[in-house]
Amino acid sequence: QPKPVEQPAPAEPAATEAPAATEAPAPTEPPAPVIKVGQVTDMGGIDDKSFNASAWKGVQDAVTEFGIEGKYLESQQQSDYAKNIQQYLDEGTDLIVTVGFLLGVDTAKTALANPDQKMAIVDYTFPDCWPGAEVGVQCGTDQELPNVRGLAFQTDQASFLAGYLAAGMTKSGKVATYGGLPIPTVTIFMKGFEAGVKYYNQQKGTNVEVLGWNTATGEGSFTNNFESLDDGRAQAESFVQEGADIILPVAGPVGLGSAAYCKETGSCLIIGVDADWYDTAPEYKDILLTSVLKKIDVAVFDTIKDVVEGNFTGGTVVYTIADGGVDIAPFHEFDDDVSAELKAELEAIKAALIDGSLTVDGVLGQ
Amino acid sequence: MAAENLSTKIPSRKRIATGIALLVIGLLMSVFFLPGTETGQTATFGLNLSSSAAILLPDMTLPVQTSLYVLVLIVVFMGAYHMARGIRSPGALFGVVAFCFVAAFLIWATRGRSLSLIGMLTSSLVRATPIALAALCGVISERAAVVNIGIEGIMLIAAEASVVTASLSDSLYIGLMVGILSGALIAALHAWLVIRFKVDQIVSGVAINIFATGTTSFLSSKYLQHQSDLLNNSGTFPIISIPLLSKIPIIGPIFFENNLIVYLMMIIVIVMHIVLYYTPWGLRTRAVGEHPKAADTLGINVYLMRYVNVIVGGMIAGLGGAYFTLGSVGRFDEVMTAGKGFIGLAAMIFGNWNPLGAFTSSLIFGFADSLQVKMQILKVPIPSSILGMAPYIVTMIVLTGLVGQAIPPAADGQPYEK
Amino acid sequence: MPPVLQLKGITKAFPGVLANDHIDLELNEGEIHCLLGENGAGKTTLMNILYGLYKPDAGEIYVRGQKAEIENPNDAIQRGIGMVHQHFMLVPVMTVTENVMLGVEEKRNGVFLDRAKVAARIREISHDYGLEVDPDAYIKDLPVGIQQRVEIIKVLYRQADILILDEPTAVLTPQEVEGLFKILRSLVAKGKSLIFITHKLKEVMALADRITVLRLGRTVGTVTPSEVTPERLASMMVGREVNLTVSKKPPKVGDVALEVKDLYVEDERHQVAVRGLSLDVRAGEVLGIAGVQGNGQTQLVYALTGLAPVLSGEIRILGKPVRKPTPRKILELGVGHVPEDRQRHGLILSFPIHDNMVLCTYYQAPFARGINLQEKVIVANAETLAKQFDVRTPNVFVPASSLSGGNQQKVIVAREFSRPIKLLIASQPTRGLDVGSIEYIHSRIIEKRDEGAAVLVVSSELDEILALSDRIAVMYRGQIVDIVPAAQASKEYLGLLMAGISPADAAKSVAPVAAGEVERVF
Amino acid sequence: MSAKEKTEKTETRPKSEKNRSQAFWQSLLVPVLAVFTGLVLGGIVIAATDKGVAAAFGNFSANPVGIFPAIWKAVATAYGALFYGSLGSPREIIEGLRVYRSSGDMALLLKAIYPFTESLVTATPYIFAGLAVALGFRCGLFNIGAEGQFFMGALGSAFVGYSLIGLPWFIHLPLAILGGAVAGAVWGAIPGYLKAKFGAHEVVNTIMMNWIAFRLSDWLLTGPMKASGFRPVTPTIQRAAELPRFFPDPLRFNWGFILALLVAWLVYWFLFKTTLGFEIRAVGANPDGAKYAGMSVTRNFVLVMTLSGALAGLAGASQVLGVDHWVGQGFSAGYGFDSIALALLGKSHPLGVVLSALLFGVLRSGATRMQSLAGIPIDIISIIQGLVIIFVAAPAIIRWIFRIRVSEQETVLTRGWGK
Ligand SMILES: Nc1ncnc2c1ncn2[C@@H]1O[C@H](COP(=O)(O)OP(=O)(O)OP(=O)(O)O)[C@@H](O)[C@H]1O
Ligand SMILES: Nc1ncnc2c1ncn2[C@@H]1O[C@H](COP(=O)(O)OP(=O)(O)OP(=O)(O)O)[C@@H](O)[C@H]1O
Ligand SMILES: [Mg+2]
Ligand SMILES: [Mg+2]
């Protein structure tokens with residue numbers, strides 16, 4: 001199966017910019033009847049410091065921007081997905097935003113059963129088929145569900161930059177990353193990060209080592225949960241003991257545990273994920289090198305915007321470094337510590353990634 | 001005559017079995033670990049913490065294959081000797097073998113690489129702290145015959161309470177106090193239910209757990225997550241290195257470079273041991289746990305003893321809860337205790353209901369846990385989720401092999417009717 | 001001078017039971033006052049009230065003339081009242097010292113226990129009153145006799161001068177009883193006053209200055225030994241004439257039903273408790289095993305009934321050798337077992353009576369078809385047995401726990417005797433029961449024997465052994481030291497054997513066989 | 001001894017036959033009041049954390065009575081949503097029926113009964129898991145491992161469900177159910193065996209088995225059992241392995257519920273009507289007595305833990321085969337743990353378990369609507385559950401609150417560390 005990151009980014013990204021040209025309705029005159037948007041979280045819950053949270057941010061932004069009505073429903077278990085979606089159907093919600101690949105099947109089924117219900121799903125597209133689906137028609141292509149927009153992110157491009165930056169900034173010659181669980185949406189960060197470091201070594205003939213992930217073997221460090229911040233702390237402590245001084249935690253709130261350790265001991269720097277931790281976790285700004293941005297909020301906001309403006313389309317939208325859907329955050333506190341040339345190199349790499357002359361897989365030799 | 005060869009005959013069967021088991025373990029060790037290695041390969045173990053400015057020790061560099069052979073031989077020898085002569089204390093036997101196995105595993109995993117041994121041991125103690133505190137809570141209250149499996153819940157509530165107050169008051173110490181008090185409060189509720197109303201003790205514990213999970217998550221998602229920096233940002237206790245002691249190689253960084261809560265935990269272990277076995281209070285506590293009626297007939301107030309012990313236990317658990325926030329990450333998130341309370345109970349049981357034992361077994365967990373983390377970093381070709389099972393499997397093995405017959409206080413879990 | 005202790009109109013009701021009904025009692029300085037009454041008469045309750053464990057519903061207590069409000073044991077201890085409880089109040093996993101000091105601990109520098117000081121005091125006491133005991137021994141390792149001494153020491157350590165002893169002799173050998181009596185007399189000589197609870201008439205006669213008899217919670221009367229005969233006391237106790245001797249025909253002995261050769265058994269702590277024991281029991285006879293508790297009788301019975309594994313040796317039941325005996329195998333061979341501890345082994349207390357009546361046969365026809373329990377049959381069975389064995393209960397649906405001790409025992413007896421058994425193993429069959437129940441159960445056992453079953457009776461009550469047995473085996477340190485025909489066995493001789501004197505030496509001091517028939521009263 | 005007879009009569013009169021039905025109703029009284037009290041306290045929490053109420057308090061000085069409507073509004077909206085969302089509104093149901101009668105159009109009716117069916121769907125795994133724990137209690141074993149067994153059961157049945165292809169349903173479905181039961185049984189049997197053989201405390205071992213199960217499922221879902229494609233979930237099971245549903249989507253009400261009731265009855269029969277059940281209860285009540293009577297205590301420990309595990313496994317199976325059809329990470333919402341509460345609430349009696357399972361089903365499934373319409377975090381349900389358990393476990397409190405005299409003898413459900 002093609003992974004979303006490997007899919008050719010279709011025209012949608014353009015679509016997301018296009019409407020900017022068309023006149024947006026001023027927030028003062030709310031369109032009547034008021035548009036209803038409902039988000040269904042996965043098990044992580046709305047406060048997962050990760051994609052549920054940032055999706056919700058997108059909804060809230062839209063609420064303030066367009067005066068729409070936005071709600072969320074937390075799922076506590078698998079069987080809640082269908083139930084929560086159904087709840088929104090009953091309430092006559094205009095756009096249902098489901099978060100996470102675990103909601104894929106239920107989203108697809110609902111979409112098929114209710115062809116004019118607009119839906120969007122974060123971190124998922126529909127390459128997979130399910131029993132009862134007509135292969136090639138309902139699934140197995142990118143475009144199979146006209147009323148569902150799959151929001152995918154080429155996160156590895158951003159974490160590639162982060163990796164390069166980390167390699168450039170490390171004093172000990174060792175950088176580290178770990179995940180919550182070995183699942184694609186997590187490992188794609190780690191993969192890009194390793195690639196970035198590797199690329200740096202290629203360029204500079206250095207030998208910066210990445211702890212906690214190895215794309216070749218697919219082995220790495222995982223806390224096996226997204227709850228226990230204490231585990232995050234232990235991971236950081238362990239990495240530091242093994243000599244790492246920059247850490248990219250890809251485990252939602254667990255990462256804050258690592259941040260806490262770095263802040264307390266001052267022995268390491270953290271690279272945030274998903275949102276810019278400078279805003280979401282300001283208490284750690286003085287050990288925050290940068291963040292790998294995965295702008296789910298923007299994606300969700302755009303989708304809602306399209307709904308509001310009546311040009312919602314289904315299919316897959318892959319957000320890339322090109323359209324700024326993924327990126328790395330400013331260096332904030334560390335702006336002075338990052339050398340001008342490193343900044344320049346990062347810009348160059350960014351450009352190369354955009355024009356495709358440089359690809360993550362290419363670096364990893366795949 | 002008959003009696004003698006009898007008393008030797010019966011155990012000897014067991015001995016043979018154990019002996020063979022050991023030989024098998026030795027065999028397995030060589031089968032698993034030797035193949036992967038190359039001659040001349042070495043494994044390097046760091047004996048210093050970058051953070052500690054102690055007298056620097058040289059790193060310990062071991063020849064992989066030789067050391068593996070040695071370890072395997074030790075195990076095999078133990079097996080053979082046990083079969084022939086028989087080794088008195090099963091504890092020692094198990095200890096040595098376990099050590100050899102773990103050492104072999106470490107050396108194998110570290111072959112051609114390096115690993116910070118001290119680092120691992122340090123984190124073992126830190127990781128053991130909440131477990132030990134939970135276990136100590138269990139010990140003190142079960143010595144008075146009150147089972148408390150609500151520890152997990154108590155810790156959750158204490159964690160949240162302490163971080164919120166600490167954030168609001170900008171004082172970690174106030175936070176700590178409140179954490180401990182909240183622990184005492186919930187424990188008092190438990191005591192009230194099981195003593196005054198004779199509620200089944202396990203039931204009350206389960207109820208407390210469910211209730212605590214609900215309440216903390218409820219408040220968390222309703223308030224903490226939204227005013228994060230006002231309510232949920234306490235910072236953590238700094239690491240205090242004890243002047244001279246922390247300079248001792250190996251021991252220093254492990255025991256004398258920790259934060260307040262870790263120190264408190266170690267102090268409580270010692271104090272509780274002394275109190276239980278060398279003071280009237282301890283004597284009465286144990287009597288109440290073993291034979292409450294006897295204590296009663298001697299004019300000891302059974303109910304009072306139980307109330308106090310359970311509440312003190314709650315305070316200790318409260319401290320354990322505060323560890324997760326004030327002692328570790330400075331913020332609260334839903335169900336962040338992640339089952340440590342239950343593991344603490346396991347530690348208490350195979351610590352045989354006494355403080356030192358509970359502490360030691362907590363260390364075993366802590367070790368298994370940090371070992372698991374290190375193994376992942378060393379990219380051992382075992383899936384992380386499988387490695388993640390280590391602490392739990394260790395528990396089961398120890399429970400089964402060593403203290404399957406652990407004897408709880410005689411009246412443990414039973415309400416006392418006059 | 002006023003009596004040291006006066007109880008006036010003490011009344012106490014429990015749910016459904018009027019345990020004490022306006023009881024009056026006086027205890028004079030330096031007197032041994034016996035409190036006599038069958039089980040459930042209210043003796044313990046009365047004493048518990050005196051000791052502050054229960055609150056009386058009505059009545060007053062005067063200690064040395066002053067009215068005393070005794071709310072809890074502390075008040076009692078304050079007033080110099082001490083109690084040796086019917087069921088020992090000792091913590092098994094603690095040492096003698098710890099048990100004695102519990103509640104009144106000596107402290108070193110204000111905090112720490114001062115074990116040494118207490119141990120020294122204990123040695124003094126044991127010296128003064130001849131209560132030899134090692135202060136550092138763990139209770140669980142001590143024989144009951146010694147445990148009782150510890151209980152007494154506990155009381156003395158608290159400087160009590162009014163001592164209450166609740167059925168202290170139930171668990172002692174004749175010699176130990178003698179020893180205890182010596183101690184008690186020496187206590188009295190030192191000015192202590194004693195209340196001595198028992199339902200053994202001979203002890204009362206031997207020891208008491210005065211006797212107060214209770215029945216069904218009421219005072220029947222207070223007498224002195226000189227005024228009464230045992231028979232008189234017994235009828236005061238029970239409220240009717242009772243026959244204190246077991247009349248039985250000479251045995252019609254058949255062939256060997258139980259054969260034990262060179263048996264070795266371990267106890268829970270893996271000490272060899274039965275070492276090389278051999279015996280055989282023939283159909284139609286009663287073999288009584290006398291011996292002080294803790295000489296391996298329990299393990300012997302456990303081994304014979306499959307409750308404990310056999311280390312080595314051979315057991316043949318009805319000629320068949322049983323290897324690796326399991327309880328079920330043995331039960332199915334036609335063995336009946338009246339267990340020593342009726343509440344631990346004999347019954348499932350929370351189960352209704354009818355289920356307890358089929359505890360060993362629930363899986364057999366007619367009580368089960370396939371795996372289906374036949375409730376009707378089971379209930380019917382229980383009802384007939386309850387009638388037949390005169391179990392006092394409103395109906396067979398009540399849980400066994402709500403039955404009195406004696407009736408609980410009757411349930412067990414009914415269950416075991418109603419099965420077709422060829423070998424009966426009865427361990428302490430009448431412990432803690434009242435005369436009425438004892439009389440009944442004894443007659444049932446003899447009945448079985450006359451039906452041609454082999455009977456093995458284990459009891460620490462020598463009188464019971466003498467009353468029931470055709471042959472008597474004395475067990476000491478896990479071995480049978482001697483077997484004598486019961487008819488002419490002399491109690492003194494048996495007593496010496498039980499105390500560990502070798503048959504030879506014992507025979508020197510007393511005649512192994514008494515002249516003529518001895519009357520069996522107890 | 002006539003007096004003694006009298007005493008025994010008086011003390012045992014309440015136990016006599018004719019009062020049994022009355023006793024039954026009494027035994028219901030406490031749980032009902034407990035639930036009620038739990039809801040009341042839950043309401044207080046809701047009100048206390050409600051913005052409207054806070055606002056009303058804000059201008060307390062201005063308008064002191066204003067808080068009462070505010071409180072009423074808060075609580076009413078919440079519980080209104082809760083019960084509408086779990087039972088549906090009678091009016092709609094009647095309306096639906098009418099329409100269905102007149103014009104065979106079911107749509108309205110289905111929509112009306114949807115909430116109620118959802119409650120039954122949620123209750124189904126609760127029934128199985130509750131029975132699992134209850135069975136353990138009956139044998140004096142405390143199975144905290146239902147959660148892990150639930151997981152293994154789910155994975156087991158899922159595996160059978162997707163790996164076998166082309167079987168007719170009447171073979172495939174039973175196999176899949178069996179798969180779940182067996183997987184759960186294994187997970188339960190291990191601690192059972194360890195207790196029987198080595199006397200290791202089943203309480204701790206089952207907890208450990210839970211964690212091992214979670215890790216194992218993480219591994220299986222990201223490795224061996226991963227569906228093609230990149231999602232860490234099992235493939236969807238074959239149609240033939242699904243527990244048939246009674247109504248078209250979105251109604252998920254399926255045969256699992258019927259199966260649950262059937263099994264509940266089976267457990268009742270097994271426990272109280274068979275020799276095996278007799279043994280189990282005997283061992284639970286008094287192991288020594290059971291041994292004396294020739295029963296094998298250890299065998300019963302293993303047997304019961306195995307069966308208990310199987311039941312919990314069935315809970316997982318019913319969820320996969322009836323509702324989800326595939327297994328992904330974080331599959332369960334703590335069914336195993338709630339089921340402990342449930343077994344207690346049901347006094348370890350199958351009927352009681354079924355009733356309390358229905359209650360939990362109603363609470364859990366109504367929570368969705370409450371969350372959406374009243375914006376109450378779903379965790380409130382756990383709070384209410386916790387309170388309910390406390391009150392059920394402490395009838396004394398209830399009597400004390402409501403000044404009632406309920407004379408029921410407390411049955412000891414657990415004994416410390418399952419000694
Ligand atoms: N804890 C209790 N609660 C309620 N009733 C009890 C309790 N203990 C005993 N009884 C009742 O008191 C009466 C006597 O009980 P007890 O055990 O003293 O009998 P007993 O003196 O051993 O009688 P027996 O002479 O038959 O051995 C019985 O009717 C019993 O039902
Ligand atoms: N806690 C209790 N609850 C209910 N009834 C009780 C309780 N304690 C004693 N009884 C009953 O009160 C009556 C007196 O019991 P008590 O123990 O005083 O008799 P006793 O003379 O000591 O008998 P024993 O010779 O067996 O010691 C008995 O019927 C007994 O069952
Ligand atoms: Mg939440
Ligand atoms: Mg008594």
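In the text below, chain A, chain B and the rest are named by the order of the sequence lines, each starting its count at 1.
- More than 12 heavy atoms of other residues, nucleotides or ligands lie within 6.0 Å of CZ in C/Arg108, so this atom counts as buried by the packing criterion.
- Contact between C/Met94 and B/Leu283 at its shortest, heavy atoms only, is CE-O, 3.6 Å.
- The closest side-chain heavy-atom distance from C/Lys154 to B/Leu298 is below 4.5 Å.
- Both the backbone and the side chain of C/Phe112 come within less than 4.5 Å of a heavy atom in chain B.
- Across C/Arg115 and B/Tyr278, no two heavy atoms sit closer than the pair NH1-CD2, 4.2 Å.
- With respect to chain B, the highest number of heavy-atom pairs below 4.5 Å among C/Arg158, C/Met83, C/Met101 belongs to C/Arg158.
- One finds the NZ atom of B/Lys293 at 15.5 Å from the CZ atom of C/Phe88 (value rounded to the nearest 0.5 Å).
- Listed here is the closest heavy atom pair of C/Leu53 and B/Thr297: CD1-CG2, 3.9 Å.
- Between C/Leu90 and B/Ala294, the shortest heavy-atom distance links the atoms N-CB, 4.2 Å.
- The number of heavy atoms from other shown groups lying within 6.0 Å of OH (B/Tyr81) does not exceed 12.
- Neither the backbone nor the side chain of C/Asp75 comes within contact range of chain B; no heavy atom of the residue lies under 4.5 Å from a heavy atom of that chain.
- Atoms CD1 and CG, on B/Ile300 and C/Leu102 in that order, are 3.5 Å from each other to the nearest 0.5 Å.
- Residue contact with chain B, scored on non-hydrogen atoms closer than 4.5 Å, involves the side chain of C/Val93 exclusively.
- The minimum heavy-atom distance linking C/Lys107 with B/Pro280 is given by the pair CE-CG, 3.7 Å.
- Minimum interatomic distance between C/Pro73 and B/Asp296 (heavy atoms only, all atoms of both residues): CG-O, 3.4 Å.
- More than 12 heavy atoms of other shown residues, nucleotides or ligands fall within 6.0 angstrom of atom CZ in B/Phe197.
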